[in-house]
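What you are looking at is a predicted structure, and each value in this text was computed from that prediction instead of being measured.
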Amino acid sequence: MKTIIIVLLCLLSLESVAQDTTKVKLKEYLGVLTLTEKYRDEKKWGTAEQAIVGDHFQRLVKFKTEGVIVLAGRTNYETANPEMMGLVIFYAKDDATALEFMLNDPAVKNKIMNAKVHPYGIAVHKCE
């Protein structure tokens, strides 16, 4: 009986050692997107800019499907309103990765939008 217990304890200890310790607990971030001054004027928007914002949207959908983004949306102000902004709540391993994630957005890379990143904590989620 002692032998069986010792073998079971050894197996359990091996399993805990063999677990993947490279997994990092992801942190929550809030990304804030605002239009650059130029694109607050709707006359400055052409088909190229609209295509880039389409790519921006597809990127958001892709990362939502992959579980990186919790939610994304925008305020319902007119384009010219300086209060108009988009918000993205997402997961990243650290501050640098979170900033990189936002800076790699096509609309940010093409200077249509500016991005800021804030550490964030979701307090209420999936209340049913």
(request) Could you tell me which residues satisfy salt bridge (charged side-chain N to carboxylate O under 4.0 Å, His left out) with K62, sequence neighbours excluded, listed by chain and number? (result) E66
(message) Using the salt bridge (charged side-chain N to carboxylate O under 4.0 Å, His left out) criterion, which residues pair with R40? Sequence neighbours excluded.
(response) E37
(message) Using 0.5 Å steps for rounding, measure from the CG atom of N114 to the CE atom of M102.
(response) 10.5 Å
(message) Measuring from atom CZ of F90 to atom NZ of K64, what distance do you get when rounded to the nearest 0.5 angstrom?
(response) 14.0 Å
(request) Give me the other members of the hydrophobic cluster that F57 sits in, counting Ile, Leu, Val, Met, Phe, Trp and Tyr linked by side-chain heavy atoms under 4.5 Å, directly or via other members. (result) V61
Hydrophobic clusters here meaning ILVMFWY residues chained together by side-chain heavy-atom distances under 4.5 Å, can you tell me if [X] and [Y] are in one?
X	Y	result
I69	Y120	no
L103	V32	no
M85	V53	no
I52	V108	yes

(message) Going by side-chain hydrogen bond (donor to acceptor under 3.5 Å, both in side chains), name the pairs with one or both residues in residues 95-111, residues two or more places apart or in two chains.
(response) Y29-D95, H56-D105, D94-T97
(message) Tell me which pairs pass side-chain hydrogen bond (donor to acceptor under 3.5 Å, both in side chains) where either residue lies in residues 76-93, with sequence neighbours left out.
(response) E42-T79
(message) Test of understanding: with ring-ring contact (aromatic ring centres under 6.0 Å, His included), list the residues that count as partners of F63, not counting sequence neighbours.
(response) F101
Side chains of [X] and [Y], heavy atoms from C-beta outward: is any pair under 4.5 Å?
X	Y	result
E28	V70	no
W45	L35	yes
P106	R59	yes

(request) Could you point out which residue of L33, L30, T75 forms a side chain to side chain contact (heavy atoms under 4.5 Å, CB included) with L87? (result) L30
(message) Tell me which pairs pass salt bridge (Lys or Arg N to Asp or Glu O under 4.0 Å) where either residue lies in residues 44-58, with sequence neighbours left out.
(response) none
(request) Can you sort out the partners of L71 under side-chain contact (heavy atoms from CB on, under 4.5 Å), two or more places apart, ordered by chain and number? (result) I89
